[in-house]
2 protein chains.
Amino acid sequence: MNHQNAVENEHDFQRIDNLDKQVLVALQHNARVPYAELAKRFGVSAATIHVRVEKMKQTGIINGTQVLLDPKALGYQVCCFIGINLKAAGDYPAVLAKLEALAEVTEAYYTTGHYSIFIKIRCRNIDALHRLLVDQIQAITQIQSTETLLSLSQPISRQITP
Amino acid sequence: MNHQNAVENEHDFQRIDNLDKQVLVALQHNARVPYAELAKRFGVSAATIHVRVEKMKQTGIINGTQVLLDPKALGYQVCCFIGINLKAAGDYPAVLAKLEALAEVTEAYYTTGHYSIFIKIRCRNIDALHRLLVDQIQAITQIQSTETLLSLSQPISRQITP
DNA sequence: GATGAAAAAATTTGCGG
DNA sequence: CCGCAAATTTTTTCATC
């Protein structure tokens with residue numbers, strides 16, 4: 001019998017070759033770049049690019065594509081992080097459900113260290129942040145305390161290099 | 001004289017209509033979806049979708065497109081945030097330049113509150129994180145102290161709703 | 001602005017090395 | 001695994017409403 005799916009292997013991740021890496025880097029910068037252009041750039045056929053991309057979708061390396069929106073151009077001037085402490089660790093699922101219902105919460109992390117939950121917020125202005133914090137977040141009964149980090153600028157924004 | 005470029009206007013952002021919003025939401029989920037399909041879905045022509053997308057690129061609402069990679073599938077098991085305090089506020093540019101040179105630093109924020117700089121890290125495992133922290137980050141002389149928040153999971157990950 | 005049709009370009013498939 | 005080339009689909013342009 002063959003048991004090659006070693007899920008308990010410490011190195012359980014996909015190995016990719018150099019062409020795969022180049023394709024991923026290119027698609028990180030522009031997900032709509034024609035495969036024919038990548039083919040020319042990397043000295044292979046467009047069909048090969050197509051095959052590589054499909055395989056990486058299959059294996060889960062590629063999770064999808066998305067357009068990047070500029071929050072400020074849409075009127076979302078404020079970015080901040082909020083560290084949340086819960087009254088009891090078991091309240092985590094209930095609090096998460098309430099946070100998920102707030103459109104301004106764009107990311108949430110379950111963390112060790114100073115906070116139980118750590119979230120990223122985008123809102124229109126400081127007033128909107130104030131109202132969100134007081135009326136929506138601190139109103140969640142299972143939350144014991146919050147701490148806000150206001151982001152003034154984001155000088156680095158990128159993905160890992162494959 | 002006409003002075004319509006009110007950069008000091010508190011509402012200085014692009015107004016978009018309902019079709020624009022629908023297109024953006026669709027492209028947030030799949031940046032490669034054919035315009036013809038969106039056209040059918042929203043009851044307009046493919047040419048209209050094309051015009052709308054081009055306009056939103058022009059006005060800066062659309063910043064580009066990117067493929068989403070699964071860090072774990074590529075062997076990056078660990079995600080964490082590090083809060084950094086500097087010895088002097090003026091050291092900010094020098095420290096930022098050094099952080100930018102570290103591929104594991106995927107995001108950096110200039111923040112008010114407990115930390116001067118707040119960064120997000122992706123690395124292969126805890127050992128790699130340990131080495132990065134001690135050998136690369138705490139070795140930056142302008143850094144006074146660091147605080148690490150390890151992320152155990154990320155239950156929410158999305159962009160703002162246009 | 002939006003549209004339909006035409007032109008140009010890109011994706012996708014299947015055969016063969 | 002790769003490439004060629006055909007078949008299909010998509011993007012892009014443009015005259016017209």
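Between A:Leu38 atom CG and D:dG3 atom P there is a gap of 14 Å when expressed in whole angstrom units. Between A:Phe42 atom CZ and D:dG3 atom P the separation is 14 Å, expressed in whole Å. C:dA2 atom C1' lies 13 Å from atom CG of B:Asp20, rounded to whole Å. We find that NZ of A:Lys40 is positioned 16 Å from P of D:dG3, with the value rounded to whole Å. Here C:dA2 presents its C1' atom at 11 Å from CD1 of B:Ile49, a figure rounded to the nearest Å.
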Next item on the list: I would like to know whether B:Asn85 and B:Thr146 meet side chain to side chain donor-acceptor pair (under 3.5 Å); could you show each step before the answer?
Entry: CA-CA 6 Å; B:Asn85 281 303; B:Thr146 65; over 6 Å; no
Next item on the list: Check the pair B:Val53 / B:Leu27 against side chain to side chain contact (heavy atoms under 4.5 Å, CB included), numbers first and verdict last.
Entry: CA-CA 10 Å; B:Val53 171; B:Leu27 292 176; 4.1 Å; yes
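Ring geometry for B:Phe118 against B:Tyr109 counts as tilted: the plane angle lies between 30° and 60°, on a 0 to 90° scale.
Neither OP1 nor OP2 of C:dG4 sits under 4.0 Å from any side-chain N or O of B:Ser45. Regarding contacts with the backbone of D:dC2, a side-chain N or O of A:Arg52 is found under 4.0 angstrom from either OP1 or OP2.
Using modelled atom types, one side-chain atom of A:Arg124 and one backbone atom of A:Leu74 make a donor-acceptor pair closer than 3.5 Å.
Counting heavy atoms of neighbouring residues, nucleotides and ligands inside a 6.0 Å radius, atom NZ of B:Lys72 does not exceed 12 of them. Around atom NZ of A:Lys87, more than 12 heavy atoms belonging to other residues, nucleotides or ligands sit under 6.0 Å away.
Near-neighbour residues of DNA chain C inside residues 56-70 of chain A, defined by a heavy atom below 4.0 Å, are absent.
Here A:Glu54 pairs with A:Lys57 in a salt bridge; the nearest charged N to carboxylate O distance falls below 4.0 Å.
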Notebook entry, point to check: What is the per-nucleotide protein-contact pattern of nucleotides 10-17 of chain C, from the 5' end, where B denotes a base atom under 4.0 Å from a protein heavy atom, S denotes such proximity for sugar-phosphate atoms only, and - denotes neither?
Noted result: SSSB----
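Counting only heavy atoms from C-beta outward, the side chains of A:Gln66 and A:Leu68 approach each other to under 4.5 Å.
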